[in-house]
Student: 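Please read through the structure below; I'll follow up with questions.
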Amino acid sequence: MTILKLAIRNLRGAGIRTWLNAVALSFAFVAIIFGQGMMQGMNKQAEDASVAFEFGGGQYWQKDYDAYDPLTLEDAHAPTPSALESLARAGKAAPILVVAGSIYPHGRIKPVLLKGIDPAQKVVALPTAALADTAEELPLLIGNRTAATTGLEVGDQVTVQWRDADGAFDARDGRVVEIMQTSVSTIDVGQVWMPLARLRELAGMEGEATIVTVAKDERKPPAVEGWSFRGPEFLLSDLRQMVKTKTVGQVIMFTVLFLLAMLAIFDTQVLSVFRRRREIGMLIALGMTRVQVIVMFTLEGALHSILAAVLGMAYGAPLFYSLQRNGFAVPGGDSWGFSLGDKLYPTFTAGLILSTTVLVFLVTAFVAWLPTRKIAKLKPTDALAGRGT
Amino acid sequence: MENGVVVCTDKLVRKFHVGRTELVALKEVSLEFRRGEFAGLVGPSGSGKTTLLNIIGTLDTPTSGSATVLGERVESLSPVRAASLRSRHIGFIFQTFNLLPVYTAYENVEFPLLLLGLSSAERRRKVTDALEWVGLADRAKSRPTQLSGGESQRVAIARAVVKRPELVLADEPTANLDAENSHKILQTMVGLNRDLGTTFIFSTHDEKVIRYLRRKVSLVDGRVAEDRTLEPGEVRSQKLE
Ligand SMILES: Nc1ncnc2c1ncn2[C@@H]1O[C@H](COP(=O)(O)OP(=O)(O)OP(=O)(O)O)[C@@H](O)[C@H]1O
Ligand SMILES: [Mg+2]
């Protein structure tokens, strides 16, 4: 307790240098928490959006379907099993038929996946209601990215072409009835949505589907012959991996920042053990043991992290609070490769802040202790004479 | 500490190795200091004064021979016991760099009491007293850089005596001071020796302070060349008659 008091006195006495170190360390502090919070926020946001728009409570894949291999599509359709059909009728599942095809916006050809979905479904957040069949025309729903790359607008007519069950080409004119704003690019890029019944009819795949997405709250999806169930964990693993790789650069940056701050502390300690060797001799003459002196010096160094935490919280807390509340636009937007939405809402949990503080304190204490090992070998008589270290 | 013997050395030898050469700083020094003494180690530079004080202060150990300080054998004292002995019973005053630089005069004097774990009320009373003894009560808040050399030394004296130690060791406390300040320092120490009964052993090669000594131990080349008890003023005049 006394030694802590002495360490605090020394820090206070060291003045500007203490504050410089503490400020540097507080930047690292805030940056680490910010980075972690951003990563957690990104993860959560991207996952939430993917679950809402695409994955729901999981998907049944027809046994030939492979999301990573478009060539499998030709065979990847089968009549919806009765178990899933009844789930769908109860509003707890949405069968989706996927057929390879092309569209011809403004005379150019663009290969797309044609996806049929029940306009009345409520399983995923797609605005499928807009597809509700009205006239003879084929209603189409596309995402904002596809709209941007094709130049299509609501009301535009576009020719849709596909190969039917027998492999024969067929075409029809469709009309864009809705452009959806979505952060989930995997239901947007290279895809055109239309009513399930129409796609089944056009492709000659009556009663068939490729994917059956189940509702988010559907707890126990039944096992179905010829279809494999992919749970949210499986479906999200790609996304999680992607978030990890995309944020690894930031983790490195924060680590470097932190290391620099640690270097400053280390440097200060080395210098202070050297410069204060007469003082160390005096402290020992006054009756301190070497261990006490080492503890005092180490505490002095480690206390920088407490100061830094206080400083960091002083300007970090309002910053974190407002970021978490209001979010912020992520520069680069879609280039991240996963759905972030217009704004990112980082999540700063008490656990995150606490664990960071403890970690920083421990690392700082360790770094502060390293140079003080010299004190253990220092003879008090040499120290008093200004010799040694 | 039978018979009031505070420090006793017996054939004390301290050798230093500098490169391949061996340097004998103390050669069979046998001395005894009693409670309440006001004694000076006098001798030219390099005669071993600091070396002897360091051993008496348990900061160093003899190469051979023995030193008993306040009943403890220095050569076999563990570092922790030595630290405890110093913090309780021994006060140090050095020639320069005496004060902890970032502390105020008050905090410097308070330091030994913090180590002893005294309550803050007790500390305040003792520090105030000690600063009064050395005539610096009004400079309590000053930092070492704001004090003159003489004032710094007086703060150092206050810090050495604030815990009322058995023994105060002072290594050339006046070496960096002018005559006037030297006299002040010595007068302060003489007063504390008289009023508190503290034993003072200090080293000096400063002629103008020697007249304050009641015992003068002359060291030459690591040996005790002379050990004389003096009565300041009177003794000398008697001798002249
Ligand atoms: N740590 C050391 N290593 C090597 N030699 C030393 C060491 N300490 C002291 N000496 C030598 O021992 C001898 C006595 O030194 P000491 O410091 O005791 O003398 P002193 O009487 O205090 O001199 P001064 O009046 O200059 O302070 C000197 O020759 C000195 O060089
Ligand atoms: Mg000396």
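The sequence lines fix the lettering, A, B, ..., with proteins before strands; numbering per chain opens at 1.
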Student: Of A:V23, A:V30, A:I306, which is the lone residue that meets side-chain contact (heavy atoms from CB on, under 4.5 Å) with A:L311?
Tutor: A:V23

Student: Among A:R290, A:M282, A:E279, which has the most heavy-atom pairs under 4.5 Å with chain B?
Tutor: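 The option with the most such pairs is A:M282.
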
Student: Taking the six-membered ring of A:F274, is NZ or CZ of A:R276 closer than 6.0 Å to its centre and within 45° of its axis?
Tutor: no

Student: Counting heavy-atom pairs under 4.5 Å with chain A, which one of B:A83, B:A160, B:G91 comes out on top?
Tutor: B:A83

Student: Between A:K379, A:M288, A:Q292, which has the largest tally of heavy atom pairs under 4.5 Å with chain B?
Tutor: A:M288

Student: Count the heavy-atom pairs under 4.5 Å between each of B:E107, B:R88, B:Q95 and chain A, then report the option with the highest count.
Tutor: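 Heavy-atom pair counts peak at B:E107.
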
Student: Does the cation-pi check pass for B:R86 over B:F92, that is, NZ or CZ under 6.0 Å from the six-membered ring centre and within 45° of its axis?
Tutor: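 B:R86 over B:F92 ring: no.
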
Student: Heavy-atom pairs under 4.5 Å with chain B - which of A:I284, A:T289, A:L286 has more of them than the others?
Tutor: A:L286

Student: Name the option with the most non-hydrogen atom pairs under 4.5 Å to chain A; the candidates are B:T58, B:D171, B:L115, B:N54.
Tutor: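 Between B:T58, B:D171, B:L115, B:N54, the count favours B:L115.
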
Student: Between atom OG of B:S120 and atom CG of B:L113, what is the distance when rounded to the nearest 0.5 Å?
Tutor: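 CG of B:L113 is found 11.5 Å from OG of B:S120.
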
Student: For A:F348 together with A:Y321, are the ring centres under 6.0 Å from each other?
Tutor: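 That pair fails the under 6.0 Å test.
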
Student: For the CZ atom of B:R123 and the OG1 atom of B:T128, what is their distance to the nearest 0.5 Å?
Tutor: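 Separation between the atoms: 11.5 Å.
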
Student: By a 4.5 Å heavy-atom criterion (distance strictly below it), what part of A:R278 contacts chain B: side chain, backbone, both, or neither?
Tutor: side chain

Student: Please state whether the side chain, the backbone, both or neither of B:L99 comes within less than 4.5 Å of a heavy atom of chain A.
Tutor: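 Just the backbone, heavy atoms under 4.5 Å.
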
Student: Which atoms of A:L384 come close to chain B, meaning under 4.5 Å heavy atom to heavy atom: side chain ones, backbone ones, both, or neither?
Tutor: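 For A:L384, side-chain heavy atoms alone lie under 4.5 Å from chain B.
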
Student: What's the separation between atom CG in B:N98 and atom CZ in B:R154, rounded to the nearest 0.5 Å?
Tutor: 13.5 Å

